[in-house]
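Every chain is numbered from 1, with letters handed out A, B, ... down the list of sequences.
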There are 2 protein chains.
Amino acid sequence: MRTIKDVAHELGLSVSTVSRALNDKPDIKKETREKVLEAMKRLNYSPNANARSLIQKKSNMIGLMLSDITDPFFSEVALGVEDVFSKVGYQIIYGNTFLDLDKEKQFLSNLLERKIDGLIMKPGKLDAELMSLVERLEVPVVLLRKLDENEKHLNISTIDVDHYMAAYKAVEYLINIGHQNIGFIGMSKDVNEEEERLNGFSDCLRDHSLEHSVDNVVISGTGIKHGGTGIQRLMEKKPKITAVFAANDLLAIGALEWLAKNNYRVPEEVSVIGFEDLEISSLHWINLTTVKLPRKKIGTQSAEMLMHMLSSENFEKKEVELDTQLIIRKSSGNKQINS
Amino acid sequence: MRTIKDVAHELGLSVSTVSRALNDKPDIKKETREKVLEAMKRLNYSPNANARSLIQKKSNMIGLMLSDITDPFFSEVALGVEDVFSKVGYQIIYGNTFLDLDKEKQFLSNLLERKIDGLIMKPGKLDAELMSLVERLEVPVVLLRKLDENEKHLNISTIDVDHYMAAYKAVEYLINIGHQNIGFIGMSKDVNEEEERLNGFSDCLRDHSLEHSVDNVVISGTGIKHGGTGIQRLMEKKPKITAVFAANDLLAIGALEWLAKNNYRVPEEVSVIGFEDLEISSLHWINLTTVKLPRKKIGTQSAEMLMHMLSSENFEKKEVELDTQLIIRKSSGNKQINS
DNA sequence: AACGTTTCCGGTAACGTTACCGAAATCTTT
DNA sequence: AAAGATTTCGGTAACGTTACCGGAAACGTT
């Protein structure tokens with residue numbers, strides 16, 4: 001491995017001069033700079049980023065903490081983040097946590113040692129110990145969800161969509177096309193964004209004076225299979241239901257599958273609506289009405305926010321909300337009069 | 001940010017002693033070690049990995065170069081890699097290249113500056129300039145595909161599945177259930193693994209003395225849509241076809257969609273078989289017979305190979321082939337006698 | 001030709017850590 | 001209690017780079 005010293009020695013120059021050439025700094029003659037750059041190429045010299053980080057107290061690396069990169073949501077976010085940062089010479093250290101607190105803490109303390117310049121993360125709970133680690137990083141942070149009321153004091157920026165309003169509007173759409181008995185299928189009480197979606201669902205029903213009780217909400221679990229078990233339980237509790245709002249597309253697809261297998265006609269007998277707009281949701285067998293999330297944009301915009309915080313001296317925290325879009329497909333339709 | 005000096009000064013010790021405590025080295029009394037560790041916690045000290053890397057000439061970081069993290073194949077590979085390396089305290093720097101040579105070179109030269117310890121990569125072409133960058137890294141490398149004949153001299157390990165044999169066996173299965181007119185839909189001539197799959201397809205037909213000409217091969221493009229255009233062109237050229245082997249699941253799904261829209265019965269009139277076994281391929285509407293790839297295992301095993309190379313003094317390159325599995329579902333069936 | 005400016009370059013220190021060597025402190029043996 | 005053996009510690013150099021300061025060289029002015 002060649003060092004700046006080798007280059008300096010090769011040309012009979014000092015390391016300072018070579019460093020100046022390398023970093024496009026002033027106080028160096030044009031010709032000597034060119035000579036240096038040429039020698040660098042010839043000697044296959046490549047600067048040592050670790051040494052540079054050490055003295056500049058800036059690593060040009062950022063951390064990206066997400067729960068599961070195989071989740072299409074996160075992989076697109078990751079793509080967006082990389083898209084932005086690779087253009088400005090930052091490297092990304094990524095880690096999957098599966099919302100496991102220990103893994104999250106482990107990853108954060110690794111980042112702490114690496115002296116990263118910034119962090120984009122989607123943790124589970126904002127545990128006190130976790131937040132203490134985040135604070136010790138002493139770098140700007142972008143959180144990929146909203147802050148709860150008791151977290152508002154934290155000095156970190158956030159970016160997210162308005163889950164509440166998106167759900168509200170989706171349910172309102174169902175009501176507008178005639179549905180009066182609408183069910184909800186969720187995966188877990190512990191997920192922030194699902195709670196917001198459920199609140200939007202509930203408030204919308206209440207605002208339209210429609211029946212709403214524990215009977216039209218089922219929390220079944222995560223994944224396609226639980227969409228099936230979810231709607232099954234829902235139909236048992238409330239056979240009159242004509243429309244279902246699922247907390248995400250996978251659940252909705254599972255529900256569609258169950259309905260098909262049990263000879264329900266969609267949307268004539270039951271309308272189904274999802275949340276996220278996965279790529280497969282537009283397949284003609286599925287054709288799911290759903291709420292489209294700007295996944296890649298969440299990635300790019302969070303990266304741009306972080307970039308901005310990195311460059312501006314005293315940044316103030318921002319809380320950004322991105323728009324969603326209701327994509328109407330064939331899994332939803334007017335309530336039939338004779339059903 | 002606290003340094004080792006702060007800890008040393010706090011206890012009236014030397015930095016050497018503190019370093020010894022930090023790294024569990026000998027030549028230190030048990031009690032002083034405990035005192036030091038306690039002081040580190042109290043002062044919120046965290047070692048600086050960059051400084052450590054500098055003197056140890058070892059960064060504890062590895063590079064992961066893939067084409068597109070939103071591709072389920074790569075995201076699972078990435079998960080597997082992270083799974084293995086996070087357990088041993090390595091960080092992963094990842095980058096998407098979209099098989100763009102410039103992006104690949106850019107990423108590699110970034111890794112060069114970072115002084116990574118190892119690299120796992122899936123590049124497009126093994127361009128000479130690219131390989132020169134890889135060699136300059138002077139670290140063990142695992143390639144996520146096979147080496148061509150003219151690349152065999154390269155001192156890098158590989159891991160991949162046997163695309164040729166997997167395709168061969170898939171086509172043989174179609175032949176065994178009675179099909180004699182089988183078509184192939186591919187996405188591009190430039191993708192190594194597809195070429196292998198096509199060779200397996202061709203050789204299998206030839207070995208069974210079945211008709212094989214340019215007429216039963218269509219190269220249409222990438223993505224679900226091109227599965228539709230692909231099969232359409234295939235049916236125009238060869239209306240007698242009763243089975244189709246698609247180079248990947250997305251193409252197969254596109255083909256299924258086209259068949260459904262054009263009132264072909266699957267598998268009664270046309271059997272369809274894919275390659276990869278995406279999660280959605282098992283949805284009951286699709287139910288695609290396909291070749292299952294051990295995606296996560298490719299990730300974990302490549303990581304373990306790299307780990308091994310990192311620890312052993314003089315590693316020899318290995319070329320590993322993982323098994324595939326033919327998953328038979330309802331998109332394929334016996335050739336009907338009267339068709 | 002002497003002076004002041006500007007341009008360009010070199011030397012030294014520093015970043016935070018570990019490697020290495022030598023010396024102090026403690027323990028063992030006689 | 002003195003000698004040696006062992007344990008424990010400190011000081012210094014080094015990793016590869018940039019920051020900073022001072023001075024030499026080149027230029028322009030009178």
Visitor: Name the one of L119(B), I116(B), I92(B) that satisfies side chain to side chain contact (heavy atoms under 4.5 Å, CB included) with I62(B)?
Guide: I92(B)

Visitor: Over how many whole Å does the gap from K30(B) atom NZ to dT26(C) atom C1' extend?
Guide: 18 Å

Visitor: Within this structure, what is the CD1-to-P distance between I55(B) and dA14(C), rounded to whole angstrom?
Guide: 18 Å

Visitor: Starting at the 5' end of DNA chain C and moving along, which residue's nearest nucleotide shows up first, V15(A) or R33(A)?
Guide: R33(A)

Visitor: Round to the nearest Å and state the distance from N23(B) atom CG to dG16(C) atom C1'.
Guide: 13 Å

Visitor: Stepwise, does the salt bridge (charged side-chain N to carboxylate O under 4.0 Å, His left out) test hold for K122(A) with E193(A)?
Guide: CA-CA 12 Å; K122(A) 169 83 201 248; E193(A) 52 268 35; 2.8 Å; yes

Visitor: Name the nucleic acid region contacted by S53(A), choosing base, sugar-phosphate or nothing; use a 4.0 angstrom heavy-atom cut-off, strictly under.
Guide: nothing

Visitor: Calculate the interatomic distance between D27(A) atom CG and dC21(D) atom P; express it in whole Å.
Guide: 13 Å

Visitor: Quick one: is dC15(D) close enough that its OP1 or OP2 comes under 4.0 Å of any side-chain N or O from N50(A)?
Guide: no

Visitor: I want to check something: taking the side chain as every heavy atom from C-beta on, are I28(A) and T17(A) in contact at a cut-off of under 4.5 Å?
Guide: yes

Visitor: Is a side-chain N or O of S157(A) found less than 3.5 angstrom from the main chain of K318(A), in a donor-acceptor match?
Guide: yes

Visitor: Does a side-chain N or O from S16(A) land closer than 4.0 Å to OP1 or OP2 of dG10(C), or not?
Guide: no

Visitor: Mind calculating the distance between CD (E113(B)) and P (dT18(D)) to the nearest angstrom?
Guide: 10 Å

Visitor: Under 4.0 Å: is that the gap between some side-chain N or O of N48(A) and OP1 or OP2 of dC15(D)?
Guide: no

Visitor: Taking the side chain of K29(B) as its heavy atoms from C-beta onward, which of dC9(C), dC9(D), dT18(D) lies nearest to it?
Guide: dC9(D)

Visitor: Would one find a side-chain N or O of T3(A) under 4.0 angstrom from OP1 or OP2 of dC15(D)?
Guide: no

Visitor: Please confirm whether the shortest side-chain N or O distance from S19(A) to OP1 or OP2 of dT18(D) is below 4.0 Å.
Guide: yes

Visitor: Among the candidates dA19(C), dC15(C), dG10(C), find the nucleotide nearest to the side-chain atoms of L54(A).
Guide: dC15(C)

Visitor: What is the distance, rounded to the nearest whole Å, between atom CZ of R52(A) and atom C1' of dA19(D)?
Guide: 14 Å

Visitor: Categorize P47(B) for me: base, sugar-phosphate, or nothing, with a 4.0 angstrom heavy-atom threshold over every strand shown.
Guide: sugar-phosphate

Visitor: Between E38(A) and R42(A) (salt bridge meaning N to carboxylate O under 4.0 Å), is one present in this structure?
Guide: yes

Visitor: OP1 or OP2 of dG16(C) sitting under 4.0 Å from any side-chain N/O of K57(A)?
Guide: yes

Visitor: Can you check the K5(B) NZ to dG11(D) P distance for me, whole Å?
Guide: 12 Å

Visitor: Do any side-chain nitrogens or oxygens of S14(B) fall under 4.0 Å of OP1 or OP2 in dG10(D)?
Guide: yes

Visitor: Let's test your reading of the model: under 3.5 Å, does the base of dG16(C) pair with the side chain of R2(B) as donor and acceptor?
Guide: no

Visitor: For the side chain of I4(B), counting heavy atoms from C-beta on, which of dT18(C), dT17(D), dC9(D) is nearest?
Guide: dT18(C)

Visitor: Among dC9(D), dA19(D), dT18(C), find the nucleotide with the atom closest to the side chain of Q56(B).
Guide: dT18(C)

Visitor: Are OP1 or OP2 of dT8(D) and a side-chain N or O of T17(B) less than 4.0 angstrom apart?
Guide: no

Visitor: Take atom NZ of K25(A) and atom P of dT17(D), then tell me their distance rounded to the nearest Å.
Guide: 14 Å

Visitor: So that I can tick it off, tell me whether E151(A) and K146(A) are bridged by a salt bridge, with the cut-off set at under 4.0 angstrom between side-chain N and carboxylate O.
Guide: no

Visitor: Any idea which of dG10(C), dT17(C), dT18(D) is nearest the Y45(B) side chain?
Guide: dT17(C)

